[in-house]
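Bear in mind the structure is a predicted one, so any value in this text is a computation, not a measurement.
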Amino acid sequence: MDTESTRTLVQNFLEARSKGDLDGITAALADDARWLLPQSSTFGPFEGRDAVAKALGGGVSGSLFEPGTIKREIRKMVVEGDTAIVQQRLSARTRQGTDYVNEYCWVYTCRGGKIALLEEYADTLYAGRVFGTVAS
């Protein structure tokens, strides 16, 4: 894919995700889409459009955060060819009532007008401490 097509596709996907638009999320994903989370995460990987869309559309975040509290701030997007790199900050209130603010980097690889691979990078030590899966 060319740079501008990739940029538009990823921007539309991010907008759908921020609105909780499952149809928009699904439409942006390739049939064989894969979402790879950090190895130390307790989630994933997710494979196939439906599994990825369900997980991104609230399956993962819905199990962690209070509904309606998630805010994603896109800090920077760099796009070249079929690849987009998005730096963002996610803030929310956990289901345990704790504030959560973490920095993320997502790498999107696009093919044939769809997102084929989503690679997520985040501070999983911080997340583990907030969620109580790692001792402070």
Taking the side chain as C-beta and beyond, is there a heavy-atom pair between [X] and [Y] under 4.5 Å?
{"X": "Thr6", "Y": "Thr83", "answer": "no"}
{"X": "Pro45", "Y": "Arg34", "answer": "no"}
{"X": "Val86", "Y": "Val107", "answer": "no"}
{"X": "Tyr100", "Y": "Ile70", "answer": "no"}
{"X": "Gln39", "Y": "Thr124", "answer": "no"}
{"X": "Cys105", "Y": "Arg75", "answer": "no"}
{"X": "Asn102", "Y": "Arg89", "answer": "no"}
{"X": "Val79", "Y": "Thr3", "answer": "yes"}

task = In sequence, state the C-alpha distance, the side-chain angles, and the governing distance for Gln11 and Met77, and then conclude on side chain to side chain contact (heavy atoms under 4.5 Å, CB included).
result = CA-CA 9 Å; Gln11 285 174 329; Met77 180 186 292; 3.8 Å; yes
Check whether any side-chain N or O of [X] sits under 3.5 Å from a backbone N or O of [Y] as a donor-acceptor pair, and report yes or no.
{"X": "Thr69", "Y": "Glu66", "answer": "yes"}
{"X": "Thr109", "Y": "Ala116", "answer": "no"}
{"X": "Thr98", "Y": "Thr94", "answer": "no"}
{"X": "Thr26", "Y": "Leu22", "answer": "yes"}

ask   = So, for Phe65 and Phe131, is the gap between ring centers shorter than 6.0 Å?
value = yes
inquiry  = Between Tyr121 and Tyr104, is the ring centroid distance below 6.0 Å?
reply    =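 No, the ring of Tyr121 stays outside the 6.0 Å limit from the ring of Tyr104, centre to centre.
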For [X] versus [Y], what's the shortest heavy-atom pair and its separation?
{"X": "Ala53", "Y": "Leu29", "result": "N-CD1, 3.8 Å"}
{"X": "Asp99", "Y": "Tyr126", "result": "O-OH, 4.1 Å"}
{"X": "Val101", "Y": "Ser91", "result": "CG2-CB, 3.9 Å"}
{"X": "Ala30", "Y": "Arg49", "result": "O-CB, 3.3 Å"}
{"X": "Ser63", "Y": "Val60", "result": "OG-O, 2.7 Å"}
{"X": "Gly113", "Y": "Met1", "result": "N-SD, 3.2 Å"}

request  = Answer with yes or no whether the hydrophobic clustering places Trp106 together with Ile74; edges join I, L, V, M, F, W, Y residues whose side-chain heavy atoms lie under 4.5 Å apart.
outcome  =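 The answer is yes; both residues are in one hydrophobic cluster.
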request  = Would you kindly confirm whether Phe13 and Leu36 end up in one hydrophobic cluster when ILVMFWY residues are joined by side chain heavy atoms under 4.5 Å apart?
outcome  =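 They do not share one cluster, since no chain of ILVMFWY contacts under 4.5 Å joins Phe13 to Leu36.
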For the [atom1] atom of [X] and the [atom2] atom of [Y], what is their distance to the nearest 0.5 Å?
{"X": "Arg93", "Y": "Lys71", "atom1": "CZ", "atom2": "NZ", "value": "10.0 Å"}
{"X": "Leu125", "Y": "Ser40", "atom1": "CG", "atom2": "OG", "value": "8.5 Å"}
{"X": "Glu119", "Y": "Ile85", "atom1": "CD", "atom2": "CD1", "value": "9.5 Å"}
{"X": "Asp82", "Y": "Ile115", "atom1": "CG", "atom2": "CD1", "value": "12.0 Å"}

task = I would like to know whether Arg129 and Asp123 meet salt bridge (Lys or Arg N to Asp or Glu O under 4.0 Å); could you show each step before the answer?
result = CA-CA 10 Å; Arg129 286 179 175 156; Asp123 185 345; over 6 Å; no
key: Criterion side chain to side chain contact (heavy atoms under 4.5 Å, CB included) on Arg95 and Leu64, from CA distance to verdict   = CA-CA 6 Å; Arg95 291 211 173 257; Leu64 299 172; 6.0 Å; no
task = Could you tell me whether Asp2 and Arg7 have a side-chain N and a carboxylate O separated by less than 4.0 Å?
result =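 No, no charged N to carboxylate O under 4.0 Å.
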Under the ring pair (Phe, Tyr, Trp, His ring centres under 6.0 Å) test, residues paired with Phe46 that sit two or more places apart =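 If we apply the ring pair (Phe, Tyr, Trp, His ring centres under 6.0 Å) test to Phe46, skipping adjacent residues, the hits are Trp35.
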inquiry  = With a sphere of 6.0 Å drawn around CD of Glu80, does it hold more than 12 non-hydrogen atoms of other residues, nucleotides or ligands?
reply    =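 Not more than 12 within 6.0 Å, no.
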query = Is it true that atom NZ of Lys114 has more than 12 heavy atoms of other residues, nucleotides or ligands lying nearer than 6.0 Å?
reply =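 Count over threshold, so yes.
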request  = Begin from the C-alpha positions of Glu47 and Asp32 and carry the test side chain to side chain contact (heavy atoms under 4.5 Å, CB included) through to its verdict.
outcome  = CA-CA 7 Å; Glu47 299 193 17; Asp32 61 347; over 6 Å; no
